[in-house]
Amino acid sequence: QVQLVESGGGLVQAGGSLRLACAASGRTFSSYCMGWFRQAPGKEREFVAAIDWSGRNTYYANSVKGRFTISRDNAKNTVYLQMNSLKPEDTAVYYCAASSRWGITLNEYVYWGQGTPVTVSS
């Protein structure tokens, strides 16, 4: 069982930056692949970024590639999402999730946090 708690969301102007964090409980955090997803109002939840258990392999949605960076600190049981050059279309609730295998689709992730809202004003 893994419990995930996101933090770091808020209101930012277009072009600004935010750093999201997701703290995980449990001793097996380092064995999970971690992902960030987001859900904008009226839209389906979508993949943003993923990182493997070691932190050496990452993958990004095209919409955020070059602007967002996912990383993890297994000693702190925490995964991060650094978001730069934010755009109004990045406005959404951001969720972190854990999977026992590598993947970028929602149904591959078993454990989910409660989400943290990000609002980017123009």
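We number each residue from 1, following the sequence as shown. Being a predicted model, the structure only gives us computed values, none of them experimental.
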So which atom in Val64 and which in Arg38 form the shortest heavy-atom distance, rounded to 0.1 Å? CG1-NH1, 3.9 Å

With rounding to the nearest 0.5 angstrom, report the OG1 to CG distance, Thr78 to Leu20. 12.5 Å

Out of Ile104, Asp52, Ile51, which one pairs with Cys33 under the side chain to side chain contact (heavy atoms under 4.5 Å, CB included) rule? Asp52

Quick check: do Gln1 and Tyr111 have side-chain heavy atoms less than 4.5 Å from each other? yes

What closest approach, in Å, do Ala24 and Val2 show between heavy atoms, and which atom pair accounts for it? CB-CG1, 4.1 Å

Does the ring of Phe29 carry Arg72 above it, NZ/CZ under 6.0 angstrom from centre and within 45° of its axis? yes

For the residue pair Trp112 and Leu106, establish whether any side-chain heavy-atom pair is separated by less than 4.5 Å. yes

Would you compute the distance between atom CG of Leu18 and atom OH of Tyr94 and round it to the nearest 0.5 angstrom? 9.0 Å

Give a yes or no on whether Tyr59 atom OH has more than 12 heavy-atom contacts from other residues, nucleotides or ligands under 6.0 Å away. no

Counting neighbours of CD on Gln3 that are heavy atoms of other residues, nucleotides or ligands and sit closer than 6.0 Å, is the number greater than 12? no

Mind listing the closest non-hydrogen atom pair of Ser121 and Leu11 along with its distance? CB-CD1, 4.4 Å

With the side chain counted from C-beta on, respond yes when Ser31 and Trp53 share a heavy-atom pair under 4.5 Å apart, and no when they do not. no

In terms of hydrophobic clusters joined by side-chain contacts under 4.5 Å, are Val118 and Met34 together? yes

Shortest non-hydrogen contact from Pro88 toward Ala14: CD-CB, 4.1 Å

Atom NZ of Lys65 with >12 non-hydrogen neighbours under 6.0 angstrom: yes

Check whether any side-chain heavy atom of Arg19 lies under 4.5 Å from a side-chain heavy atom of Tyr80, and answer yes or no. yes

Quick check on the hydrophobic clustering: are Val48 and Trp102 connected, directly or via other members, by side-chain heavy-atom contacts under 4.5 Å? no

Ser30 side chain to Asn74 backbone, donor-acceptor under 3.5 Å: no

For side chain to side chain contact (heavy atoms under 4.5 Å, CB included), just list the numbers for Gln39 and Tyr95, CA-CA rounded to whole Å, side-chain angles, deciding distance to a tenth of an Å, and then say yes or no. CA-CA 8 Å; Gln39 187 166 16; Tyr95 300 87; 4.2 Å; yes

Correct closest heavy-atom pair for Leu81 and Ala49 would be CD1-CB, 4.2 Å

Show your working on side chain to side chain contact (heavy atoms under 4.5 Å, CB included) between Phe68 and Leu86 and close with a plain yes or no. CA-CA 9 Å; Phe68 290 11; Leu86 282 161; 3.8 Å; yes

Is there side-chain contact between Trp36 and Val79, with at least one heavy-atom pair below 4.5 Å? yes

Any donor-acceptor pair under 3.5 Å from Thr91 side chain to Val120 backbone: yes

Please answer whether the main-chain N or O of Val5 pairs with a side-chain N or O of Gln114 as donor and acceptor at a distance below 3.5 Å. no

Are Arg67 and Met83 close enough, and set up right, to give a side chain to side chain contact (heavy atoms under 4.5 Å, CB included), and what steps lead you there? CA-CA 6 Å; Arg67 300 187 298 122; Met83 306 187 295; over 6 Å; no

Could you tell me the separation between the OH atom of Tyr32 and the OG atom of Ser99, rounded to the nearest 0.5 Å? 9.0 Å

Can you name the closest pair of heavy atoms from Glu6 and Gly115 and give their distance? OE1-N, 2.9 Å

